[in-house]
**Student:** 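Got a structure for you, written out below as structure tokens; questions coming shortly.
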Amino acid sequence: MGNQVSAGDVYYDNSTKTWNVKIISKTPHGILIVGEMHLDDEKTIVYVTPGEQVLKILRSKLKEERVLIDVPADALARIKETVPDVTVYG
């Protein structure tokens, strides 16, 4: 997938003793999480979401109808109360 995916958030899972890295894709709809990579303490890749699955996740997320709106910060509380399933960034 070349330059269409990148590394996102990284966290350590103490139960599996792996570093887990989110795989993200920057799209016209925003940045989407499309998979994950796990590395052991020696930085060896022990798991990565297969490319076919990454594409399936990306296609599925891009089919969701979403919009981006620009509103004053003081209007966010009203929007959260009025619109179900709204996600506010910022």
Side-chain angles (χ1 to χ4, degrees):
M1 279 162 259
N3 63 356
Q4 296 184 6
V5 295
S6 184
D9 291 338
V10 178
Y11 63 96
Y12 188 75
D13 184 339
N14 202 33
S15 66
T16 60
K17 306 290 188 221
T18 58
W19 288 97
N20 301 336
V21 182
K22 298 291 183 188
I23 299 171
I24 59 173
S25 178
K26 187 174 181 182
T27 74
H29 299 279
I31 296 174
L32 305 173
I33 297 171
V34 294
E36 195 166 81
M37 179 185 303
H38 301 180
L39 297 97
D40 64 18
D41 288 330
E42 286 78 40
K43 301 178 186 168
T44 302
I45 297 172
V46 294
Y47 171 79
V48 63
T49 304
E52 298 80 22
Q53 188 175 354
V54 168
L55 289 173
K56 184 177 178 180
I57 292 167
L58 183 58
R59 285 186 192 111
S60 173
K61 289 187 175 192
L62 289 175
K63 286 181 182 178
E64 294 177 6
E65 293 187 29
R66 299 274 184 195
V67 295
L68 179 65
I69 59 172
D70 184 11
V71 298
D74 60 353
L76 289 178
R78 286 182 310 191
I79 291 171
K80 287 182 194 178
E81 293 170 1
T82 307
V83 181
D85 299 323
V86 67
T87 302
V88 176
Y89 300 97

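When reading the values below, keep in mind they use all heavy atoms of this one structure, side chains included, and skip hydrogens, waters and symmetry mates.
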**Student:** May I ask you to check whether over 12 heavy atoms, not counting those of D9, lie within 6.0 Å of atom CG?
**Tutor:** no
**Student:** Say whether V54 and I45 are linked into one hydrophobic cluster, either directly or through other cluster members, by side-chain heavy-atom distances under 4.5 angstrom.
**Tutor:**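 In one cluster with V54: I45, yes.
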**Student:** Using side chain to side chain donor-acceptor pair (under 3.5 Å) as the criterion, list what pairs up with N14, not counting sequence neighbours.
**Tutor:** K17
**Student:** What pairs with N20 under side-chain contact (heavy atoms from CB on, under 4.5 Å), at least two apart in sequence or on another chain?
**Tutor:**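 For N20, the residues satisfying side-chain contact (heavy atoms from CB on, under 4.5 Å) (neighbours in sequence not counted) are Y11, D13, T18, E36, H38.
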**Student:** With E81, which residues qualify under side-chain contact (heavy atoms from CB on, under 4.5 Å), at least two apart?
**Tutor:**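 Scan of E81 (side-chain contact (heavy atoms from CB on, under 4.5 Å), adjacent residues dropped) gives none.
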**Student:** Atom NZ in K56, atom CD in E52: separation rounded to 0.5 Å?
**Tutor:**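 Going from NZ on K56 over to CD on E52, the span is 11.0 Å.
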**Student:** Tell me the closest heavy-atom pair linking V21 and A7, and the distance in Å.
**Tutor:** CG1-CB, 3.8 Å
**Student:** So, does T82 use its side chain to make a donor-acceptor pair with the main chain of R78 at under 3.5 Å?
**Tutor:** yes
**Student:** So, do V71 and L76 sit near enough that their side-chain heavy atoms are less than 4.5 Å apart?
**Tutor:** yes
**Student:** Applying side-chain contact (heavy atoms from CB on, under 4.5 Å), can you list everything that pairs with L32, at least two apart in sequence or on another chain?
**Tutor:** T27, V34, L58, K61, L62
**Student:** State the CD1-OG distance between I57 and S25, to the nearest 0.5 angstrom.
**Tutor:**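 That separation rounds to 11.0 Å.
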**Student:** With a 4.5 Å cut-off on side-chain heavy atoms, are D41 and W19 touching?
**Tutor:**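 In short, these two side chains touch, coming nearer than 4.5 Å.
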**Student:** Apart from I24 itself, which Ile, Leu, Val, Met, Phe, Trp or Tyr residues share its cluster (side-chain heavy atoms under 4.5 Å, direct or through members)?
**Tutor:**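 Reading the cluster by chain and number, I24 sits alongside I31, I33.
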**Student:** Hydrophobic clustering (ILVMFWY, side-chain heavy atoms < 4.5 Å, transitive) - are M37 and V46 grouped together?
**Tutor:**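 No, it is not one cluster - the side chains of V46 and M37 are not joined through contacts under 4.5 Å.
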